[in-house]
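Being a predicted model, the structure only gives us computed values, none of them experimental. Remember, it's 1-based here, ligands and their atoms both numbered in the order they're listed. The first residue of the sequence shown is numbered 1, and numbering continues consecutively from there.
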Amino acid sequence: MRHFLTVIDHSPEVLRHLLDEARRLKAEIARGQFAETYKNKIVGLVFEKPSLRTRVSFEAGVAQLGGTSLFQAGGEVGLGVRESLADFARTMSQFVNVIILRVFKHTTVVGVAEASKVPVVNGLSDTSHPCQAMADLQTMEECFGDLKGRTLTFIGDGNNVARSLAVACGKLGVKFILSCPPGYGFPADFAERYRKSVGGQLPPEIRDPAEAVRNTDVIYTDVWTSMGQEAEREQRLREFAAYQVNGALLKKAPKHAKVLHCLPAHRDEEITNDVIEGPASVVFQQAGNRMHAQKAILEWLLG
Ligand code: CP
Ligand code: NVA
């Protein structure tokens, strides 16, 4: 049975297939065509954290595929609290055809997948946001055509979004650069998983953002404080201050460079309002692609 928990688990061929399907599904919708792959299928979403894009793009995508979605807030279900992950999975997987989770601890999606009789999708955990990475690469491909040989520079925290993107880039021939303050790079356990899955060393860390964007095609950023890290917010605001994506930084990049952000953005923290609203920004095209990328994942899960 297939799951979609991390990008690390999947081969370049699978990622390539998902991007091709996402493009095809997007074009179909633009022509007003709806493939009912999920007719009579039910998708269950359990989210421990807030969401706009992930929840709505999955629910809308499932509806377009002819299926039904059921949403429950994590507190209601109490994954691993009200009952064990295995008990949840064994019960839930008799009612729905796919389980989509957004969780604090990545071990929660792994624990559910282990006992589930149906595919499980990670809609964001503390270490991974694989659905986001697929929409990001789809957006890059729309902007530049072939991905191979392109460079993406992530300015900010080596967080869930950065890690999934680094792996996806590594598998599809995109050079990934991380520019972050000391101590906010990729952790050692991730380095080991990256080495096994992608091969080679971790992508380079370049301390100076201006140097990091000098030859890049994409500047990417995300919030400095992720959901679950709120207690560190003040410290992070101080430590990331030099890592803002602003007009001065954009000037250091090639003229053709595009700006991506997974959203939600904290305007005038990690990215300035003029940059996110400016001509280099493709953040809403990127947000829209979430639905197409995830419909491709849903179809692939059914085999
Ligand atoms: N980018 C993203 O996952 O957005 P949401 O948190 O709104 O789902
Ligand atoms: N890194 C952010 C991404 C939100 C979509 C978080 O985990 O909160």
Inset, instruction - Show your reasoning for whether salt bridge (Lys or Arg N to Asp or Glu O under 4.0 Å) applies to R16 and E13. - result: CA-CA 5 Å; R16 183 66 262 158; E13 291 70 29; over 6 Å; no
Legend entry - Audit row: S128, R163, side-chain hydrogen bond (donor to acceptor under 3.5 Å, both in side chains) steps and yes/no: CA-CA 7 Å; S128 177; R163 288 180 220 178; over 6 Å; no
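Cation-pi contact between R55 and F47: absent, since separation from the ring centre below 6.0 Å together with deviation from the ring axis within 45° is not met.
Scanning all heavy atoms of the two residues, the minimum distance from C180 to R207 falls at O-NH1, 2.7 Å. For C131 against I297, the heavy-atom pair with the smallest separation is SG-CD1, 4.1 Å. In terms of heavy-atom proximity, D217 sits nearest to T151 at OD2-N, 2.8 Å.
Taking each of C262, S128, S226 in turn, the one with a heavy atom nearest to atom 2 (C) of ligand 2 proves to be S226.
Contact annotation: L263 has at least one heavy atom less than 4.0 Å from an atom of ligand 2.
Classification of E299 and K295 as a salt-bridged pair fails, no side-chain N sitting under 4.0 Å from a carboxylate O.
At the shortest separation from atom 4 (C) of ligand 2 among protein heavy atoms lies L124 CD1, 3.9 Å. Of all protein heavy atoms, the one closest to atom 7 (O) of ligand 2 is N160 ND2, 2.8 Å.
Checked by distance only, ligand 2 and D222 come closer than 3.5 Å through their nitrogen or oxygen atoms. At under 3.5 Å, a nitrogen or oxygen of M227, whether backbone or side chain, sits near a nitrogen or oxygen of ligand 2. Residue-to-ligand polar distances keep R102 apart from ligand 2: every N/O pair is separated by 3.5 Å or more.
The line from CD1 of I100 to OG of S51 is 10.5 Å long, rounded to the nearest 0.5 Å.
With a 4.0 Å cut-off on non-hydrogen atoms, D157 does not touch ligand 2 at all.
Residue-environment remark: NZ (K105) stays at or below the threshold of 12 foreign heavy atoms within 6.0 Å.
Under the 3.5 Å distance criterion, with hydrogens and angles disregarded, a donor-acceptor pair is assigned to the side chains of S57 and Q294.
The immediate protein surroundings of ligand 1, defined as residues with any heavy atom under 4.0 Å of it, consist of S51, L52, R53, T54, R102, H129, Q132, C262, L263, R290.
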